[in-house]
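Heads up, the thing below is written out as structure tokens.
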Amino acid sequence: PIVVGWCARRYYYAMGKKPLFETPVLGWFFPRIGTFPVDQEGSPMAAIRAALQILKRGDAVAVFPEGKRTRGPMEKGQAGVALIARKSGVPIVPALIIGTHRMLSPDHPGLRGGPVSITFGKPFTLEGDAKGADLDADAQRIMEAIEALRAETPGAPPALRAEDLPPPRG
């Protein structure tokens, strides 16, 4: 949420994994910058309802469709992101974020780690309501829109494959 905030053109609220809120520094900081927790182990519905309320009043919400930072290839998008998009009807602005896996991760502690880039795409909507929608297919469509931004991002590395990555430290 912090990195996207540096580049976004408007204020937004963001979803973050609940365990991040249980750490002393981030647990204090995240609520103050508009980040709210998602309980991925229990029910994410409270976070989905919060996102829908925020969108209903006209504010923006940053949702990370994979539910985490990925170290290698992009993973499957979570159906909850599609549910939020369908129920709210608001445009989705895809964003490709490259380089954050090198910051504040078990493999690379601290803020160092190399360049980070963010490319924002053209907004699009998912037509229709959530009833009868294939939310998994919608989430995949969102992930494809994000991956398509790689071609528009100068200097973006090719999509990573898991077998190209060094093993995690430790």
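Fair warning: this is a prediction, and the values are worked out from it, not measured in the lab. When a residue number appears, it is its place in the shown sequence, counting from 1.
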- So, do Ile92 and Ile142 sit near enough that their side-chain heavy atoms are less than 4.5 Å apart? yes

- Evaluate the side-chain proximity of Leu149 to Phe120: yes if any heavy-atom separation is below 4.5 Å, no if none is. no

- Query: Which atom names give the shortest non-hydrogen contact between Ile54 and Ala60, and what distance separates them?
  - Reply: CG2-O, 3.9 Å

- Side chains of Arg150 and Ile98: does their closest heavy-atom pair fall under 4.5 Å? yes

- Message: Any non-hydrogen side-chain atom of Val90 less than 4.5 Å from a side-chain atom of Thr125?
- Response: no

- Message: Arg57: which residues meet the salt bridge (Lys or Arg N to Asp or Glu O under 4.0 Å) condition with it, sequence neighbours left out?
- Response: Asp59

- Please name all residues satisfying side chain to side chain contact (heavy atoms under 4.5 Å, CB included) with Ala51, sequence neighbours left out, ordered by chain then number. Met15, Phe36, Val61, Ile84

- Note on the structure: Applying side-chain hydrogen bond (donor to acceptor under 3.5 Å, both in side chains) to Thr119 and not counting sequence neighbours gives Thr153

- Message: Are the side chains of Met143 and Glu75 in contact, using a 4.5 Å heavy-atom criterion?
- Response: no

- Note on the structure: By side-chain hydrogen bond (donor to acceptor under 3.5 Å, both in side chains), Thr23 pairs with (sequence neighbours left out) none

- Is Pro65 close to Ile146 at the side-chain level, that is, under 4.5 Å between some pair of heavy atoms? yes

- Smallest heavy-atom separation, Ala139 atom then Ala82 atom, equals N-CB, 3.8 Å

- NZ/NE/NH1/NH2 to OD/OE distance under 4.0 Å, Arg141 and Glu144: no

- So do Pro31 and Phe21 actually touch side chain to side chain, heavy atoms under 4.5 Å? yes

- Message: I'd like to check the salt bridge (Lys or Arg N to Asp or Glu O under 4.0 Å) partners of Lys122; sequence neighbours left out, ordered by chain and number.
- Response: none

- Task: Could I get the full list of ring pair (Phe, Tyr, Trp, His ring centres under 6.0 Å) partners for Tyr13, not counting sequence neighbours?
- Result: Tyr11

- If two hydrophobic side chains count as joined below 4.5 Å and joins carry through other members, does Leu20 share a cluster with Trp28? yes

- Here the pair of heavy atoms bringing Ala95 nearest to Ile118 is CB-CG2, 4.4 Å

- Query: Are the charged groups of Lys76 and Asp136 less than 4.0 angstrom apart, N to O?
  - Reply: yes

